[in-house]
Amino acid sequence: MSTSFKLIYFNFRGRAEISRLIFSLAKQNYEDKRIELKDWFAMKKDTVFGALPLLKVTDNNDNNNKTVLAQSVSISRYLATRFGMGGKSELERAQCDMIVDQIIDTQNVLMRIYQEFDKKPEKLDEALKKATSEIVPANLMGIEKLLAKNNNEKKNGTANGFLVGASLTYADLHMILFYDILREEKKSVLAKLDLLRAHDEKIRNIPAVAEHIKKNAHVKVSIKF
């Protein structure tokens with residue numbers, strides 16, 4: 001049985017980039033449907049929860065056997081599991097979910113700041129600097145400890161640098177893409193987190209990851225930047 005995929009999102013990286021990156025790493029063909037903002041409101045009412053991204057999964061090219069998934073993390077979790085990046089066991093999958101939930105919680109802190117000070121740019125920088133010097137490092141410190149624990153527990157004594165288990169998972173990918181919303185504050189945040197800084201370099205230097213990032217570097221992160 002063949003399966004086709006159609007990912008629908010706006011023409012920026014945002015919440016769909018994790019799924020695009022998983023597709024790239026899996027070398028899986030898919031339709032990357034990028035809509036313009038001017039067309040969004042006409043189609044919003046027909047989406048699952050009134051939001052994007054959406055993933056349309058069609059089995060055996062049969063339109064009567066089509067499933068539409070919403071929610072960016074649910075989509076990326078499904079794709080990661082399908083393409084071998086979701087963890088090698090139930091416990092590893094739970095660890096991946098736990099780390100991704102922590103990343104999303106931290107991301108939401110920043111997104112609320114962007115929204116609150118959208119029309120107050122003079123206060124935005126101050127609020128971001130406070131968050132990235134206090135809240136963000138504190139939230140990421142737990143992930144750094146998990147990274148250290150995972151690598152210290154390897155039976156062969158070899159640290160592989162991944163967040164969960166001995167191979168790349170979608171938790172690693174969510175982690176490196178999170179830094180995009182830190183803008184120029186990324187360097188100062190990672191200056192306090194040596195292991196996560198090394199992790200970021202490691203994952204970004206995986207050839208398929210590096211190729212995807214380079215190919216999409218011109219695409220805006222969000223509607224704002």
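- At a threshold of 4.5 Å between non-hydrogen side-chain atoms, the residues Asn150 and Leu163 do not count as touching.
- Take Arg112 and apply the salt bridge (Lys or Arg N to Asp or Glu O under 4.0 Å) test, not counting sequence neighbours, and it matches no residue.
- Glu31 has its side chain out of reach of Ile8: every pair of non-hydrogen atoms, C-beta onward, lies at least 4.5 Å apart.
- Distance check: Leu173 CG to His212 NE2 gives 9.5 Å after rounding to the nearest 0.5 Å.
- In terms of modelled atom types and a separation under 3.5 Å, the side chain of Lys214 and the main chain of Val209 share no donor-acceptor contact.
- A donor-acceptor pair under 3.5 Å links the side-chain atoms of Asp172 to the main chain of Thr169, judged by distance alone.
- Asn108 contributes atom CG, which lies 9.0 Å from atom CD of Gln115 (distance to the nearest 0.5 angstrom).
- Listed by chain and residue number, Leu25 satisfy the side chain to side chain contact (heavy atoms under 4.5 Å, CB included) test with Ala208 (two or more places apart in sequence, or in another chain).
- Between the CD1 atom in Ile113 and the CD1 atom in Ile135 there is a gap of 6.0 Å [rounded to 0.5 Å].
- Proximity of a side-chain donor or acceptor of Asp59 to a complementary backbone N or O of Ser2 within less than 3.5 Å is not detected.
- Side-chain contact check for Ile143 versus Leu196: some heavy-atom pair is nearer than 4.5 Å.
- To the nearest 0.5 Å, atom CD1 of residue Ile203 and atom CG of residue Leu177 are 11.0 Å apart.
- With contacts defined as side-chain heavy-atom distances shorter than 4.5 Å, the pair Thr67/Thr58 does not qualify.
- Residue Leu128 is grouped with residue Leu182 when hydrophobic side chains (ILVMFWY) are merged at heavy-atom distances under 4.5 angstrom, including chains of intermediate members.
- Leu146 contributes atom CG, which lies 12.0 Å from atom CE of Met141 (distance to the nearest 0.5 angstrom).
- By the salt bridge (Lys or Arg N to Asp or Glu O under 4.0 Å) test, Glu134 is found to be paired with Lys130, residues two or more places apart in sequence or in another chain being considered.
- Looking only at distances, no side-chain donor or acceptor of Asp39 sits under 3.5 Å from a matching main-chain atom of Ile35.
- Counting only distance, with no hydrogens or angles, the side chain of Glu185 and the backbone of Thr132 share no donor-acceptor pair below 3.5 Å.
- When Phe5, Phe83, Phe23 are each tested for a ring-ring contact (aromatic ring centres under 6.0 Å, His included) with Tyr30, only one passes: Phe23.
- Between the OG atom in Ser188 and the NZ atom in Lys129 there is a gap of 7.0 Å [rounded to 0.5 Å].
- Note on residues 174-200: pairs passing ring-ring contact (aromatic ring centres under 6.0 Å, His included), not counting sequence neighbours, are Tyr170-His174.
- A salt bridge is defined here as a Lys NZ or Arg NE, NH1 or NH2 lying under 4.0 Å from an Asp or Glu carboxylate O, and Arg20 with Glu17 meets this definition.
- One side chain, Thr3 or Arg82, offers a donor N or O that lies under 3.5 Å from an acceptor on the other.
- In this structure, Ile18 and Ile75 have side chains that are not in contact, with every pair of non-hydrogen atoms separated by 4.5 Å or more.
- Sorted by first and then second residue, the salt bridge (Lys or Arg N to Asp or Glu O under 4.0 Å) pairs with a member in residues 186-197 read Lys186-Asp200, Asp194-Arg197; sequence neighbours excluded.
- Residues meeting the side chain to side chain donor-acceptor pair (under 3.5 Å) test with Thr47, sequence neighbours left out: none.
- Residues passing the side chain to side chain donor-acceptor pair (under 3.5 Å) test with Arg13, sequence neighbours excluded: Asp180.
- Leu7 pairs in a side-chain contact (heavy atoms from CB on, under 4.5 Å) with only one of the listed residues (Leu55, Leu79, Leu52), which is Leu55.
- In the hydrophobic clustering of ILVMFWY residues, with side-chain heavy atoms under 4.5 Å counting as a link, Ile104 and Met98 come out apart.
- Lys120 places no side-chain N or O within 3.5 Å of a backbone atom of Lys123 that could act as its donor or acceptor partner.
- For Tyr114, the ring pair (Phe, Tyr, Trp, His ring centres under 6.0 Å) criterion is met by Phe225, not counting sequence neighbours.
- When side chains are defined from C-beta on, Ile103 counts as touching Met175, because their heavy atoms get closer than 4.5 Å.
- With contacts defined as side-chain heavy-atom distances shorter than 4.5 Å, the pair Ile22/Ser76 qualifies.
- Residues meeting the ring pair (Phe, Tyr, Trp, His ring centres under 6.0 Å) test with Phe12, sequence neighbours left out: Tyr9, Phe10.
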Using the rule given for side-chain contact (heavy atoms from CB on, under 4.5 Å), can you reason through Leu69 versus Leu54, listing the C-alpha separation, both sets of side-chain angles and the distance that settles it, and then say yes or no? CA-CA 6 Å; Leu69 299 177; Leu54 296 175; over 6 Å; no
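- Applying the salt bridge (Lys or Arg N to Asp or Glu O under 4.0 Å) test to every pair with at least one member in residues 86-100, sequence neighbours left out, gives these pairs: Arg77-Asp97.
- In this view, Asp101 satisfies the side chain to side chain donor-acceptor pair (under 3.5 Å) rule with no residue, not counting sequence neighbours.
- Under the 4.5 Å side-chain criterion, counting only non-hydrogen atoms from C-beta, Met111 is in contact with Gln107.
- Asn11 contributes no side-chain N or O that, together with a main-chain N or O of Glu36, makes up a donor-acceptor pair within less than 3.5 Å.
- A cation-pi arrangement, defined by a distance under 6.0 Å to the six-membered ring centre and an angle within 45 degrees of its axis, is present between Lys202 and Phe162.
- Residues satisfying the side chain to side chain donor-acceptor pair (under 3.5 Å) criterion with Ser19, sequence neighbours excluded, are absent altogether.
- For Val100 against Ala171, the heavy-atom pair with the smallest separation is CG2-CA, 3.9 Å.
- Between Asp32 and Arg34 there is a salt bridge, with a side-chain nitrogen of the basic residue lying less than 4.0 Å from a carboxylate oxygen of the acidic one.
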